[in-house]
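Shown next, in structure tokens, is the structure this report addresses.
Whatever order the structure lists ligands and atoms in, that order sets their numbers, starting from 1. Computed over heavy atoms, backbone and side chain alike; hydrogens, waters and symmetry mates excluded.
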Amino acid sequence: MKTKYIFFTGGVVSSVGKGVTAAAVGRLLKERGFKVAVQKLDPYINVDPGTMSPYQHGEVFVLDDGAETDLDLGHYERFIDVRLSRVCNFTTGQVYAEVIQKERRGDYLGGTIQVIPHITNEIKRRIGMVAKETGAEIVLVEVGGTVGDIESLPFLEAIRQLRSDLGRENTLYIHVTWLPYIGATEELKTKPTQHSVSELRSIGIAPDMIVARSDYPVDNSLREKIALFCDVELRAVIPMVTTPILYEVPLLLEKARVGEYILERFKMEPRQDPDWAAWKDLMLEVKREKPLVKVALVGKYVELHDAYMSVREALKHAALHTGVELEINWVHSTDLEKGKHWEDLRDADGVIVPGGFGSRGIEGKILATHHARTEKVPFLGLCLGMQLMVVEFGRSALHDDDVHSTEFERSTKNPVIDLLPEQREINDMGGTMRLGLYQCHLVPGTRAARAYKVDMVEERHRHRFEFNNDYRQVFEENGMVFSGLSPDGRLVEIAEIADHPFMVGTQFHPEFLSRPNHPHPLFKAFLEAVCEHAGVNYKKAD
Ligand code: GLN
């Protein structure tokens with residue numbers, strides 16, 4: 001079978017859930033027995049989002065192979081339950097870097113290098129790599145940005161060409177748009193959708209399906225109007241009303257018969273009937289009345305929840321499987337430093353300090369860690385959160401305030417967290433951290449080992465600093481347990497506090513491997529401890 005390609009473009013406005021739509025369509029096809037992969041094309045010039053501020057871009061999602069990618073890759077992995085690779089995300093920056101390098105090497109034999117065909121050919125080459133690398137039979141390609149952006153044009157031109165390169169029966173274009181609601185007349189408007197489709201047509205792409213996002217129910221007359229004006233079959237105009245529950249989207253698309261339509265267009269038969277039983281159970285669980293627990297998430301980008309997307313999702317997965325309703329108290333660490341919003345921290349039955357870089361808000365996070373340790377509130381520290389748990393513990397164990405990570409205080413007397421030796425000579429910022437999957441050996445009898453129930457795990461990393469082994473012995477003597485170590489024993493991967501209901505910090509990012517139907521064991525164990533602390537009934541692990 002020839003690889004099939006589905007291209008997703010966005011119209012009208014950004015942030016309407018193109019990534020979630022692509023992820024959900026991927027799930028529809030996986031449910032029908034096909035191997036799928038999803039790729040995101042990002043039109044910005046940065047080589048990857050690794051060096052971008054989370055305020056600009058949200059979370060950086062890390063893959064097994066250490067690629068630092070767009071947060072949409074997180075949606076793809078969670079919805080489809082796949083592990084994607086580096087080829088599944090690329091940017092304009094990478095495309096140009098490659099073409100310019102080839103030009104400098106003389107590969108183009110004196111030719112003039114142009115957007116068409118050189119840049120577009122490089123884009124097409126990278127799209128073609130997904131099937132080769134992942135063995136996917138159906139590749140979903142999401143073009144970032146919105147039709148009409150100058151910087152998306154080469155990507156759109158490349159996917160336009162792919163229809164003639166690969167054939168009509170092997171390509172499908174899905175355009176995701178937005179129907180604005182006019183309050184004065186109480187109606188939804190299709191005009192912006194019509195305009196964005198005509199813009200898409202003017203560059204040679206005629207969409208096969210339109211997913212029309214809306215905050216209000218879309219009646220049939222609107223669908224008919226879109227079908228007529230945009231020249232799309234009526235059954236391929238799919239209204240997608242905003243749902244507060246992200247994981248309902250595949251079920252909504254299933255109901256709209258999107259899977260059938262795609263396979264029919266590809267002239268394919270499903271290999272199996274979709275089995276949505278587990279997803280439906282999940283939805284029932286979401287909608288069921290459950291006891292409430294509150295977790296404080298203490299970070300410095302909390303105004304932008306997308307900056308902690310995977311942490312939030314992993315908490316939600318764990319809460320669903322623990323049978324409780326989760327409320328996150330978003331606490332700004334700099335507020336804690338100013339003595340503000342402590343009630344949001346104190347009010348919570350669990351504290352989570354996620355990853356981060358740079359010194360702003362560090363002391364506030366340390367205060368939150370101190371609160372969790374001394375008040376015996378369940379705590380989960382992720383990467384930077386683990387490092388600060390070590391700093392806070394060190395200040396108390398060594399009876400000295402001059403204890404820090406050298407990331408924040410180069411000349412500290414007690415550098416309990418220090419640069420990884422292999423990081424010392426590195427000057428470039430992009431793609432140079434300890435990245436991706438590494439093994440972690442679990443020490444029997446510890447909280448971490450009890451949560452995972454295995455001896456060895458592999459988790460995703462993204463850090464330059466690590467626990468300084470000079471302090472291992474004195475920390476152990478004072479009640480810190482090193483429950484996860486690299487297989488050679490050299491790196492501390494998990495630390496926990498012995499005399500505490502649940503205080504665990506991981507040098508890696510467990511949140512990237514949590515799935516709606518398989519919550520991450522550490523998040524699950526954390527949530528159980530939160531329930532114990534809150535005194536609520538919960539579903540115990542089997
Ligand atoms: N800034 C810390 C380090 O580089 C933590 C990184 C993180 O939280 N991802 O080690």
Side-chain angles (χ1 to χ4, degrees), residues 48-55 57-64 66-69 71 73-74 297-302 304 306-312 314 333 351-366 368-369 379-392 394 403-410 412 415-438 440 459-469 471 484 486 490-495 504-514 520 522-523:
D48 61 42
T51 52
M52 285 162 87
S53 158
Y55 281 129
H57 192 270
E59 156 189 287
V60 175
F61 191 81
V62 181
L63 304 181
D64 285 350
E68 296 172 275
T69 70
L71 53 74
L73 280 272
L297 189 151
V298 185
K300 69 168 174 177
Y301 307 110
V302 291
L304 184 74
D306 277 6
Y308 303 106
M309 173 90 77
S310 294
V311 176
R312 184 184 57 185
S333 54
V351 178
I352 193 152
V353 178
F357 298 82
S359 41
R360 183 169 62 95
I362 286 296
E363 287 305 321
K365 292 178 189 173
I366 295 177
T369 310
F379 175 91
L380 185 60
L382 307 171
C383 203
L384 177 67
M386 171 268 201
Q387 297 175 353
L388 297 180
M389 170 183 137
V390 164
V391 168
E392 192 282 326
V403 172
H404 223 316
S405 159
T406 53
E407 180 176 2
F408 311 114
E409 177 96 50
R410 240 171 237 218
T412 176
V416 292
I417 300 289
D418 201 3
L419 261 188
L420 284 152
E422 56 270 35
Q423 288 285 333
R424 299 227 157 96
E425 308 303 319
I426 293 177
N427 293 317
D428 269 6
M429 294 296 278
T432 53
M433 281 181 260
R434 180 170 180 252
L435 287 165
L437 223 50
Y438 286 92
C440 163
E459 292 280 3
R460 293 179 178 174
H461 296 69
R462 181 171 185 247
H463 65 119
R464 281 182 222 286
F465 292 81
E466 60 159 337
F467 182 83
N468 180 348
N469 286 327
Y471 291 88
S486 56
R490 190 174 67 90
L491 298 180
V492 170
E493 291 278 9
I494 313 177
V504 176
T506 63
Q507 186 53 81
F508 47 82
H509 291 269
E511 67 271 24
F512 294 140
L513 294 181
S514 180
H520 190 283
L522 286 180
F523 276 85

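Remark: of the listed residues Glu68, Glu511, Glu59, Glu68 is the sole one forming a salt bridge (Lys or Arg N to Asp or Glu O under 4.0 Å) with Arg462. Residue Met386 is tested with Leu380, Val391, Thr369, Val492 for a side-chain contact (heavy atoms from CB on, under 4.5 Å); the sole match is Val492.
Closest to atom 3 (C) of ligand 1, if we only count protein heavy atoms, is Arg464 N, 3.5 Å. For atom 5 (C) of ligand 1, the closest non-hydrogen atom of the protein is Gly356 O, 3.4 Å. With respect to atom 7 (C) of ligand 1, the closest heavy atom belonging to the protein is Cys383 SG, 2.9 Å. Here the protein heavy atom with the shortest distance to atom 10 (O) of ligand 1 is Phe465 N, 2.8 Å. Of the protein's non-hydrogen atoms, Arg462 O, 2.9 Å is the one closest to atom 9 (N) of ligand 1.
Atom numbering of ligand 1 starts at 1 in the shown order; those under 4.0 Å from a heavy atom of Glu407 are 1 (N), 2 (C), 3 (C). Against a heavy-atom cut-off of under 4.0 Å, Gly355 is close to the following atoms of ligand 1: 8 (O).
For Arg410, the CZ atom sits in a loose shell: 12 or fewer heavy atoms of surrounding residues, nucleotides or ligands are nearer than 6.0 Å.
Side-chain atoms of His404 do not come within 3.5 Å of backbone N or O of Thr406 as any donor-acceptor pair.
Under the 4.0 angstrom criterion for non-hydrogen atoms, Gln387 is in contact with ligand 1. Residue contacts with ligand 1 do not include Met433, since none of its heavy atoms lies under 4.0 Å from the ligand.
Under 4.0 Å is where a charged nitrogen must lie from a carboxylate oxygen, and between Asp418 and Arg464 no such pair does.
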